[in-house]
Amino acid sequence: GFVESETSRDEYVTVEATLPMIIRTGFLYRPTEKLEIELSGVYEGWSVLQALNVRDVNMTIEMSDLIGDAEITDDITLPTNFQDSYSIRLGWDLDLSKKWTIRQGVLFESTGVNPEYMSPSLVDRDKYGLGFGGSWNPNPRWSFDAGIFGAFMGTWNNTNSKNRQLAVTVDFSGEG
């Protein structure tokens with residue numbers, strides 16, 4: 001082919017993105033003085049971001065000596081097709097003593113990516129998570145916390161994809 005290098009350069013671009021509204025709420029219950037149980041929910045309005053708009057593009061793609069370099073100066077729209085997502089979280093915290101506390105939590109989080117537009121370059125699936133942690137309080141002024149969390153998405157097959165290949169038209173005539 002004519003393309004000898006995959007190098008492209010642009011010193012300055014502007015990416016326009018509308019970030020979503022996020023609503024968080026929760027409920028805490030203390031059945032005993034040493035035990036807390038919390039249920040919370042989160043809503044994220046990702047559907048406001050249907051595309052990333054790249055502006056102020058002045059990119060040079062190095063091509064072969066035969067045809068010269070290609071310049072891209074038009075705005076670029078990268079479709080996202082995001083959808084709103086939510087999560088539900090449940091956790092507990094137990095004081096074993098004045099010095100030791102343990103905690104655990106689970107969550108479910110729905111994807112912000114419409115399954116019809118999921119691709120290997122944009123992977124986000126419904127997730128399940130599990131966390132464990134604890135605190136050591138050697139005295140009333142100091143506390144050391146540690147925890148571990150894992151989220152699991154599993155595998156997926158997309159049999160009804162609406163993704164399309166993005167392409168940039170390059171005018172090699174030099175006439176713009």
Side-chain angles (χ1 to χ4, degrees), residues 5-30 36-62 70-93 101 103-135 143-171:
S5 171
E6 294 180 10
T7 303
S8 60
R9 293 184 309 273
D10 193 347
E11 300 298 324
Y12 175 81
V13 297
T14 301
V15 177
E16 295 177 0
T18 302
L19 293 180
M21 173 179 63
I22 299 173
I23 300 171
R24 299 177 191 270
T25 188
F27 175 76
L28 178 68
Y29 175 61
R30 291 184 182 93
E36 293 180 349
I37 301 171
E38 185 174 358
L39 177 65
S40 63
V42 179
Y43 163 84
E44 298 182 2
W46 284 106
S47 63
V48 300
L49 185 58
Q50 290 299 298
L52 292 171
N53 299 307
V54 184
R55 310 262 186 250
D56 304 318
V57 178
N58 186 11
M59 184 180 298
T60 301
I61 300 176
E62 296 176 3
E71 302 246 340
I72 301 171
T73 57
D74 291 338
D75 294 343
I76 300 170
T77 299
L78 303 170
T80 62
N81 300 296
F82 287 160
Q83 64 185 9
D84 296 345
S85 67
Y86 66 92
S87 67
I88 299 171
R89 305 156 189 219
L90 176 65
W92 57 266
D93 184 302
T101 301
R103 62 186 60 90
Q104 180 181 17
V106 296
L107 71 80
F108 168 80
E109 182 176 284
S110 69
T111 179
V113 176
N114 186 321
E116 294 175 333
Y117 293 97
M118 196 160 323
S119 71
S121 64
L122 187 58
V123 176
D124 182 33
R125 299 248 313 133
D126 291 348
K127 293 170 273 315
Y128 298 91
L130 179 63
F132 298 97
S135 298
S143 180
F144 176 75
D145 287 332
I148 186 168
F149 173 80
F152 311 94
M153 294 190 303
T155 59
W156 58 279
N157 293 310
N158 193 347
T159 58
N160 60 344
S161 177
K162 290 186 178 179
N163 280 320
R164 300 293 177 255
Q165 181 176 350
L166 298 177
V168 176
T169 303
V170 178
D171 180 4

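Bear in mind the structure is a predicted one, so any value in this text is a computation, not a measurement.
- One finds the CD atom of Glu38 at 9.5 Å from the CZ atom of Arg30 (value rounded to the nearest 0.5 Å).
- The backbone N or O of Tyr86 sits less than 3.5 Å from a side-chain atom of Ser110, completing a donor-acceptor pair.
- Side-chain atoms of Thr111 come within 3.5 Å of backbone N or O of Asp124 as a donor-acceptor pair.
- The OH atom of Tyr43 lies 12.5 Å from the OG atom of Ser87; values are rounded to the nearest 0.5 Å.
- Contact check for Glu36 versus Leu28: side-chain heavy atoms found under the 4.5 Å cut-off.
- Listed here is the closest heavy atom pair of Trp46 and Ser85: CD1-OG, 3.6 Å.
- Shown here for Leu52 and Ala17, the closest heavy-atom pair between the two residues is CD2-CB, 3.7 Å.
- Counting non-hydrogen atoms of neighbouring residues, nucleotides and ligands closer than 6.0 angstrom, the CE atom of Met153 exceeds 12 such neighbours.
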Checklist entry - Between Arg103 and Thr101, does a side chain to side chain donor-acceptor pair (under 3.5 Å) hold up when you go through it step by step? => result CA-CA 7 Å; Arg103 62 186 60 90; Thr101 301; 5.3 Å; no
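- Closest of all the heavy-atom pairs between Ile22 and Val42 is CG2-CG1, 4.0 Å.
- Using the six-membered ring where Trp is involved, Tyr128 and Phe108 have ring planes that are tilted, between 30° and 60° apart.
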Checklist entry - Checking side chain to side chain contact (heavy atoms under 4.5 Å, CB included) for the pair Gln104/Leu130: CA distance, chi angles, key distance, verdict? => result CA-CA 8 Å; Gln104 180 181 17; Leu130 179 63; 3.6 Å; yes
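- Between the side chain of Thr80 and the backbone N or O of Gln50 there is at least one donor-acceptor pair closer than 3.5 Å.
- Taken to the nearest 0.5 Å, the CD1 atom of Ile37 stands 10.5 Å off from the CG atom of Asp93.
- Distance alone, capped at 3.5 Å, places no donor-acceptor pair between the Asn53 side chain and the Thr77 backbone.
- No side-chain donor-acceptor contact under 3.5 Å links Asn114 to the backbone of Asn81.
- Atom CD1 of residue Ile88 and atom CD of residue Glu109 lie 11.0 Å apart, to the nearest 0.5 angstrom.
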